[in-house]
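Notes follow once the structure below has been shown.
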Amino acid sequence: MAERGKGSFLLTSATRIVVVGQSARLGEIAGYASERIKEQTGISLAVKGVAEPAGRRNAIVLQLCRDDGGLGPEGYRVVVSPKLVLIEAPAETGVFYGIQSLRQLCVGRGRSVKIPAVVIEDRPRFRWRGAHLDVSRHFFTIEFVKEYIDILALHKINMFHWHLTDDQGWRIEIKRYPKLTEVGAWRVDREDRGWTNRPPQMPGERATYGGYYTQSEIKEVVEYAKSRCVAIVPEIEMPAHTTAVLAAYPQYSCTGGPFTVPPGDVWPISDIYCAGNDSTFTFIENILDEVMQMFPGEFIHIGGDEADKTEWRKCRRCQARIRDEGLKDEGELQSYFVKRIEAFLRAHGKRLLGWDEILEGGIPAEAAVMSWRGMEGGIAAARQGHDVVMTPGSHCYFDHYQGPRASEPLAIGGYTPLGKVYSFEPVPDSLTVEEAKHVLGAQANLWTEYIPTPEHAEYMLLPRLAALAEVVWSPVSLRDWRDFVPRMEHLMKTYDRHNYAMSAYLVSITTAADSVAGRASVSLATEMGTPVIRYTLDGTDPTHGSRRYEKPFVMDTSGIIKAAAFVGRRSLGHVTEQPLIIHNAFYKPVVLAHPYGRYTGGGKNALTDGIRGGKSHDDGKWQGFEFDDVDAVIDLGAVQNVSRISAGFLQDTYFWIFLPKTIEYSISEDGVNYTAVGKYEVPIATEHGGTSISEIKLELKGAHARYVRVSANNVGLCPEWHDGKGQKAWVFIDEITIE
Ligand code: ACM
Ligand code: ZN
C-alpha cells in the first residue's frame, strides 16, 4: 500500500538519522542507511540514538513497533511528511527494507534532495526472494560478490544462491582437501576463444585462470550478507558437474582419471563421482562438514542436475551398489546418492536443496527442489509435499538475451526481456491452495559461461532483477506493467554506480498491411513505451533532429527503416535497423499444407510481411517446420505477370535446422493446375558449419499466375554424424518474395 501525501521532506546535511531504543542492530542499519544515502545523494547524515522519538523534526526516525497491522517479520511502514521520515517495523529486517524503499524515493544529488510525502505499508508475498551467481564458469572477486549482495539488498532480495563449484572451477577453500583449490580452482586460459571452442589443457601447460575464496573471506561475505538481510545458500555440485574436483582427486571418479579442469564448454556432463565407492561419500561429507561451518543458513544446495550416467553404467562398483541396494537402475542410483547426502545433512540440522532432477527416484519430504526445467518439476515437487523455489529458464535465467541479438553482447541464447520477467507468476494455476503453500518463492539465475566480467554481470542482472523483485515481493493484484515502467525508470536513476542494460528502450519495428494493397503500415515501439522514438528512411542513423514517431506510417516502396529512442538530444540504446521489402506478395494470404511449429515467425503473415529473418533462428521472424515439409501457396488475388520468385532458408545445424533437400516453385492461374517452373536440389550438410541463409531466386520470362507454390522438403531426420541423429530435423523459411 502506498498513498501520496501533501508536500515533501527536504533531505539536507542537517537531517539526522535517529534510532529509537536500544537495538544494536537498528544502530547498525542506521549506519548503513547513512552510507548508502551519502553514496546516492552526496549528502552526509549523522546518526543519533534517543530513548524517545518525541518532538523530532528534520529527522529520519527508525524504530521498532508492535505488529498491529499484520506487517509480519519483514514488513514495514514508511511515513514521509514535510517534518519527518518515520520508518517502523515489528522487526529490524522490516526497518532495513523500509530503508531500501526510502533509497528508492531519494533520487538526485546536490545540497538537498526532495522526498515526496507518502505513506507506505508493505510486506513481501514470498519468503524466498532469490538471486544466484555462478562463480565457477568465471571467477568473481570477493569485492564484486559484496557489490552483488548490495544490489540484491536494494531490491529486497533475501537469498543469495552462491554457485561455488562446477566443472570449470572449484571456488571454496576446504582445509582437509587443499588440492580442491590448488588444482581445482585453476584452468588454462582460453578466454580469447568462444566458450564452446576451447581445447582442453595440453600436457605441460600451466593452468593460470581462476581463483577461489579462503574460508575467512567466505565468513566475511556471510557476515556482510547478514548485515544486509541476505542469507547465503552455498551450492556444492554432485554427483556430476564435478570435473574440477576429479582433476584434484581422481580416486573419487569411476575411472580413476586423469582429468584436467576444462577451460570451457563440457557436454554431456559425464564426469561423475563414483557412487559405488564408500570413500566418495566420506570425501563429500568431510567437505560438507567444512561448508556447514562456514554457512549458518538452513539450506545446502547439492546441485544434482544434468548427471549423465554413462560412467555408472560401465563401473563395476556402481553396478555392485545397484545390485546390493536392490536398485532398479542408474536413475535410482542417483536417488540413492541424494538420499544418502540428505540424511547426512539432516543429521547436522541442514536441509537439502537441489535442482529438479533430484526428484527422479524419490527424495525425503524435507528436501526442497529448485525447478529450472520449466515449472513442471516444481509442480510435481509441490504435489509430493516438497518445498520448491521456481526458477524456470523461460523467465528466470538472466544469462539469456534481454534484447534483440543484433543489439546485445553475446549470450548463451534464449530471450528473456524485462517484460517477460515481469510477467512471471511463480505459483502455477494447476496447484491447489494447499500445494501452493510449498512454493517458497522464485529466483533469478546468473550463469556466467558468457559473462566474464563484473560489468557484464551487472548488465545482465539490471534492470531485470527489479522486475523479478516485484514478482516475489508484491501481490499479484498490484502487478501492472504500465505502473511498473515509471517506477523502473525512477529506480534506474539510483543505478548510477552500476552497469545496467537499456535494452528495454530498443526500438522494435513491425509491419502490417495498409488498406491499400502493396503498402505497408510500419509501427515502432519500445518495451518501456515511454521514450520519444525518431527514425529515418534514407539509411542514415537517426539524430535528435530526425522525424519523430507519432503513429504507424505508410511505406509504399522498399527501404531501410532506422529508429532509436531519445531522451532530449540523447539517443538511448542502439539504433534498430530494418530493411523492408515491398513486393507483389506483400501481405498476400499464405496457405500452408502443414502447420508451423513453435517457431511461428509472428504467425500467419510471417512469410509475406516484408521482413526477412536474420542470422538467429529465434529472432521471431523465421517460420520453422519440424519434420514436416514446407508447402506454401500464396494467392496474389488476380492473375498477373510474375518475373521473379524467391525464398530464404536458414541453416544452423547446432539447432537441428537444415536446408531443405529440394525446393520447388510452381505457378497456377486457377489454383488447381500447377506448372513447375523451378527445382533445386541441396546437398545435406556433412558437418556443423555455422549459420547461413540461402536465398533461392528464380527469374521468369512471360509467366502469368495468380497462385505461387513453394515446396521445400525437410531432410526429415538429423543425419548420422549429427548429435541429434535419427531425430526430427527442422526447416526454417522466411520471406517468400514475388515480383
Ligand atoms: C542448470 O541450469 N543446469 C540448473
Ligand atoms: Zn562408479
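Here the structure is a predicted model, which is why all the values come from computation and not from measurement. Reckoned from all heavy atoms, side chains included, excluding hydrogens, waters and symmetry mates. Counting starts at 1 for both ligands and their atoms, in listed order.
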May I have the step-by-step check of salt bridge (Lys or Arg N to Asp or Glu O under 4.0 Å) for Glu220 and Lys146, ending in yes or no? CA-CA 10 Å; Glu220 189 185 317; Lys146 288 182 180 173; 2.6 Å; yes

Under 3.5 Å between any N/O of [X] and any N/O of ligand 1: does that happen in this structure?
| X | result |
| --- | --- |
| Glu306 | yes |
| Trp372 | no |
| Asp305 | yes |

With distance as the sole criterion, is a donor-acceptor pair present between the side chains of Tyr177 and Asn286 under 3.5 Å? yes

Do you see a donor-acceptor pair shorter than 3.5 Å between the side chains of Glu290 and Gln215? yes

So which heavy atom on Thr242 is nearest to which on Asp271, and how close? OG1-O, 3.4 Å

Can you label the angle between the Tyr397 ring and the Trp372 ring as parallel, tilted or perpendicular, going by 30° and 60°? parallel

Take the angle between the ring planes of Trp656 and His722 and call it parallel below 30°, perpendicular above 60°, tilted in between. perpendicular

Which residue is it: Tyr654, Tyr599, Phe627? I am looking for the one with a ring-ring contact (aromatic ring centres under 6.0 Å, His included) to Trp730. Tyr599

Tell me the protein N, O or S atoms under 2.8 Å from the Zn ion (ligand 2), in chain and number order. Cys254 SG, Cys274 SG, Cys315 SG, Cys318 SG

Which residues pass the salt bridge (charged side-chain N to carboxylate O under 4.0 Å, His left out) test with Arg198, sequence neighbours left out? Glu191

What residue and heavy atom of the protein are closest to atom 2 (O) of ligand 1, and at what distance? Tyr397 OH, 2.7 Å

